[in-house]
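A note on names: the letters A, B, ... follow the listed sequences, proteins ahead of strands, and every chain is numbered from 1.
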Amino acid sequence: MALRVYDTLSQRKQLFEPLVPGKVGMYVCGVTVYDRCHIGHARVYVAFDTIARYLGRMGYEVTYVRNFTDVDDKIIKRALEEGVDSRELADRYIASFHDDMAALKVAPVQREPRVTDHIDDIIGVIERIIDSGHGYVVDGEVFFDVESLEGYGQLSKRKLDEMQAGASDRVSVDERKRNPADFVLWKASKPGEPHWDSPWGQGRPGWHIECSAMAGRHLGGTFDIHGGGKDLIFPHHENEIAQSTAAHGQPPARYWLHNGFVNVKKSEEDSDQGEKMSKSLGNFFTIGDVLEHYHPEAVRLFLLTTHYRSPIVYSTENLEDATRRVEYVYETLAKMDLVLDAGPSQAAIDEVLRPDLFEETLRGFNEAMDDDFNTARAIGELSDLISFLNQLADAKDKASKKRRHATFARAREVLDELAAVLGIFDSPPREVLQGIRARKLKKISISAEEVERQIAARDEARKARDFATADAIRAKLAAEGVVLMDSAGETLWKIA
RNA sequence: GGCGGCAUGGCCAAGUGGUAAGGCAGGGGCCUGCAAAGCCCUGAUUCCCCAGUUCGAAUCUGGGUGCCGCCUCCA
C-alpha cells in the first residue's frame with residue numbers, strides 16, 4: 001500500500017511519508033465556539049475523522065489535534081448580548097460540538113486544546129517572532145511583518161503587490177501597519193473584554209497565532225498533516241506558515257489538506273452548483289436540525305459519497321438517496337445477523353463462498369483510499385459485495401444455505417474492518433433501521449397506532465378474501481405515505 | 001482586478017492517455033390475490049463548446065462559455 005495525498009502547497013498528489021516512521025501528527029483547525037455547528041462543519045470533521053481512521057488502519061499511531069477557538073470577537077459579542085461570561089458561552093458550544101460529533105460518529109481526537117489554556121505558549125511564539133525580526137509592536141499590539149519573510153503567499157499562490165489592489169477597496173487598512181497585509185498577533189484589549197498580561201500590555205491573541213502555538217506545543221515544530229476547510233487557505237493557513245516559520249525556522253506541516261465546501265442551491269430549480277453554506281449568508285442547516293430529519297449514518301454517507309476536495313450540494317434529495325442506501329445495507333446486515341446469531345446449522349459447511357469477491361473488495365477499497373482518501377470510490381467498491389450478501393441471505397438453494405453461515409462470518413470480518421474506516425455500516429442494524437423509521441414517522445400525519453389498526457382491518461378483509469376492501473385500505477394508507485408489505489407472517493409497513 | 005477550482009447519462013458520483021465504476025430514479029421481466037421489498041435485464045458511440053498534440057484523450061495543450069470559491073469573520 002502506498003498512500004498518496006493531495007497537498008495544497010505543491011498542488012499535486014504526494015507520496016505520504018511521515019516525519020517519524022510509524023507515527024502521524026495531524027492538526028485540523030477546529031471551530032470558533034460561539035454558535036451551533038452546521039453541515040459545513042460536519043463535513044470537515046467527518047472527512048478528517050475518516051482520514052485519521054484510515055491512517056490508523058494502515059498501522060500508524062495517529063496523534064490528531066483539533067483545537068477550539070474560545071476567545072474571539074464573535075464570542076465576546078455574543079457573550080455580551082446574552083449577558084454571560086465568554087468562558088461560559090464557549091463551554092456551552094463546546095458541549096454542543098461534542099454532541100454533534102458523537103452523533104455523527106466522529107471519533108474523539110487525541111488532543112483538544114483551547115486557546116485560553118495556551119496563552120503562555122502564544123506569548124512565547126510571539127516573542128520568538130519578534131526576536132527573529134518578523135514582528136513589530138505598535139501601541140500595545142503586535143503585528144506580523146509579511147514583507148520580512150520570503151515566501152509569504154506560497155500556500156495561497158498570492159503575491160503581496162497583487163493582493164493589495166483588490167483588498168484595499170473593501171477593507172479599511174489599519175494605518176499602523178507597515179504593509180496592509182500585515183496581520184495582528186496580539187490585540188490590545190478594550191475595557192470589559194477578556195484579557196491577559198503580556199510583555200506588550202493587557203490583551204488577547206490574534207486569530208492565526210493560536211494554531212501555530214497549539215500545533216507547536218502538541219505536535220512539535222514540524223508535523224505531518226495540517227487540515228481544514230478550503231476557506232482557511234487564505235489568510236489563516238498562509239499566516240500560520242509565516243508565523244511558524246518565523247518562530248521555529250521551519251515550515252509547520254509536511255502536507256496541507258483542504259476540503260471543499262458544502263453548497264446550497266438558491267432555489268429548487270437552480271441548476272448550478274449552488275453557493276457556499278455559511279453563517280454570513282444565512283443559508284445553513286445546523287447539524288442538530290439535520291439529524292432530526294435524517295439518520296446520522298445517512299448524513300455521514302452523504303458526506304462521504306463525494307471526494308472530500310470537491311464541492312457537495314446539500315439537498316433533501318441527496319439526503320434521501322443516502323437514507324435509502326443506508327436502509328438497504330442495514331436490511332442486508334440485519335438478515336445476516338439473523339443467520340449469524342442462530343449459529344451454524346447441522347448441515348452447515350465451513351466454506352466461504354466467493355472468496356475472490358472478498359479479496360477484490362478489500363483490494364479495491366484500499367486502492368481507493370490510498371488515492372487521496374477517495375471515499376466515494378471506496379464506497380462504490382463495496383457495492384458488489386453487499387449485493388452478493390443480500391442475494392445470499394435470500395437464496396433458497398441448499399448449496400448456498402449450507403455455506404451461508406461461514407460466508408456471513410467472513411463478510412462480517414471484512415465489513416467490520418472497512419466500516420470502521422468509513423464510520424458507517426457498523427452499528428446494530430435494528431437500531432439504525434428504527435432510527436430511520438422514527439424520523440420518517442414525523443413526516444406523516446397519522447400515528448403508528450392508526451396504521452396498525454388499519455392493517456388489522458385489512459387483514460380481516462384479506463382473510464375473507466374481500467380484496468376490494470383490502471385494496472381500498474392499502475390505497476388509503478398509500479395516500480398518507482404508508483406502504484404496506486405483505487410478508488409471510490405479518491404485514492410490515494414503511495413510510496415512502 | 002488577482003489567485004484557485006469545477007463542468008461526466010434524469011439526478012448523485014468515480015474515472016487524469018488506452019477505449020466510460022458505483023448509487024438513486026425510470027422502463028421491462030420474475031415473484032405477488034393486488035402490491036411492496038428483493039432479484040434479473042435495460043441506459044452515455046460519449047464525457048460544456050472549438051481547435052491542437054497523439055496510433056489513441058473525458059483524461060494532455062491552447063482558446064471559448066457557464067458556474068463556484070478565496071482575496072473581509074468563515075470549515
Minimum-distance nucleotide to [X] side chain [options: [options]]:
X: A:R377; options: B:rA75, B:rA36, B:rG15; answer: B:rG15
X: A:R462; options: B:rC70, B:rG33, B:rA21; answer: B:rG33
X: A:K265; options: B:rA75, B:rC12, B:rC68; answer: B:rC12
X: A:N318; options: B:rC12, B:rA75, B:rG2; answer: B:rC12

Touch check for [X], heavy atoms < 4.0 angstrom, all strands: base, sugar-phosphate only, or nothing?
X: A:D471; answer: base
X: A:L484; answer: base
X: A:G364; answer: nothing
X: A:N374; answer: sugar-phosphate
X: A:F234; answer: sugar-phosphate
X: A:R458; answer: base
X: A:N259; answer: base
X: A:G40; answer: base
X: A:V262; answer: base

Interatomic distance at [atom1], [N] relative to [M], whole Å:
N: B:rC40; M: B:rC47; atom1: C1'; answer: 29 Å
N: B:rU72; M: B:rG10; atom1: P; answer: 41 Å
N: B:rU59; M: B:rA7; atom1: C1'; answer: 14 Å
N: B:rC70; M: B:rG63; atom1: C1'; answer: 25 Å
N: B:rC48; M: B:rU8; atom1: P; answer: 6 Å
N: B:rG5; M: B:rA25; atom1: P; answer: 36 Å
N: B:rG26; M: B:rA44; atom1: C1'; answer: 16 Å
N: B:rG18; M: B:rA58; atom1: C1'; answer: 13 Å

Please check the phosphate of B:rU16 (OP1 and OP2 only) for any side-chain N or O of A:K13 closer than 4.0 Å.
-> no
Does OP1 or OP2 of B:rG69 have a side-chain N or O of A:N263 closer than 4.0 Å?
-> no
Whole angstroms only, please: what is the [atom1]-[atom2] distance between [X] and [N]?
X: A:E367; N: B:rA14; atom1: CD; atom2: C1'; answer: 13 Å
X: A:I386; N: B:rC39; atom1: CD1; atom2: P; answer: 12 Å
X: A:L301; N: B:rA13; atom1: CG; atom2: C1'; answer: 12 Å
X: A:R12; N: B:rU59; atom1: CZ; atom2: P; answer: 20 Å
X: A:Q391; N: B:rA37; atom1: CD; atom2: P; answer: 17 Å
X: A:Y314; N: B:rA75; atom1: OH; atom2: P; answer: 18 Å
X: A:H258; N: B:rC70; atom1: NE2; atom2: P; answer: 14 Å
X: A:I473; N: B:rG33; atom1: CD1; atom2: P; answer: 18 Å

Go through the steps to decide whether A:D7 and A:K13 satisfy the test salt bridge (Lys or Arg N to Asp or Glu O under 4.0 Å), and finish with yes or no.
-> CA-CA 6 Å; A:D7 169 43; A:K13 286 181 190 170; over 6 Å; no
Would A:R66 count as a cation-pi partner of A:F48, with NZ or CZ less than 6.0 Å from the six-membered ring centre and within 45° of the ring normal?
-> no
A:Y34 six-ring centre to A:K74 NZ/CZ under 6.0 Å and within 45° of normal = yes
A:M485 vs A:F467, nearer the 5' end of RNA chain B by closest nucleotide = A:F467
When A:I312 and A:V483 are each assigned the nearest nucleotide of RNA chain B, the 5'-most assignment goes to A:I312
Qualifying residue for side-chain hydrogen bond (donor to acceptor under 3.5 Å, both in side chains) with A:Q454, from A:E452, A:E450, A:R458 | A:E450
Step by step, would you call A:E320 with A:K440 a salt bridge (Lys or Arg N to Asp or Glu O under 4.0 Å)?
-> CA-CA 11 Å; A:E320 279 164 10; A:K440 287 184 172 182; over 6 Å; no
Check A:R462 against A:A470 and note the closest heavy-atom contact, atom names and distance.
-> CG-CB, 3.6 Å
Heavy-atom pair of closest approach, residues A:Y27 and A:M214 = OH-CE, 3.9 Å
Going by the salt bridge (charged side-chain N to carboxylate O under 4.0 Å, His left out) test, name the single residue among A:R78, A:R204, A:K190 that passes it with A:D73.
-> A:R204
Kindly say whether the aromatic ring centers of A:H208 and A:H237 come within a distance under 6.0 Å.
-> no
Derivation of the side chain to side chain donor-acceptor pair (under 3.5 Å) call for A:N263 and A:E275 | CA-CA 5 Å; A:N263 289 167; A:E275 57 189 7; over 6 Å; no
Which nucleotide, if any, forms a Watson-Crick or G-U wobble pair with [N], using both distances under 3.5 Å?
N: B:rA51; answer: B:rU61
N: B:rU45; answer: none
N: B:rG1; answer: B:rC71
N: B:rG38; answer: B:rC30

Write down the protein N/O and nucleotide N/O pairs, taken from nucleotides 23-27 of chain B, whose separation is under 3.5 Å; answer none if there are no such pairs.
unit_1 : atom_1 : unit_2 : atom_2 : d
B:rC24 : O3'    : A:R324 : NE     : 3.2
B:rC24 : O2'    : A:D321 : OD1    : 2.7
B:rC24 : O2'    : A:R324 : NH2    : 3.3

Could I get a table of every N or O pair under 3.5 Å where one atom is in the protein and the other is in nucleotides 4-10 of chain B?
none

Any A:R300 side-chain heavy atom under 4.5 Å of A:K105 side chain = yes
If we ignore angles and hydrogens, is there a donor and acceptor under 3.5 Å between the side chains of A:Y308 and A:D372?
-> yes
Is a donor-acceptor pair below 3.5 Å formed from side chain A:R43 to base B:rA75, judging by atom type as modelled?
-> no
Parallel, tilted or perpendicular: which fits the ring planes of A:H38 and A:H41, with parallel below 30° and perpendicular above 60°?
-> tilted
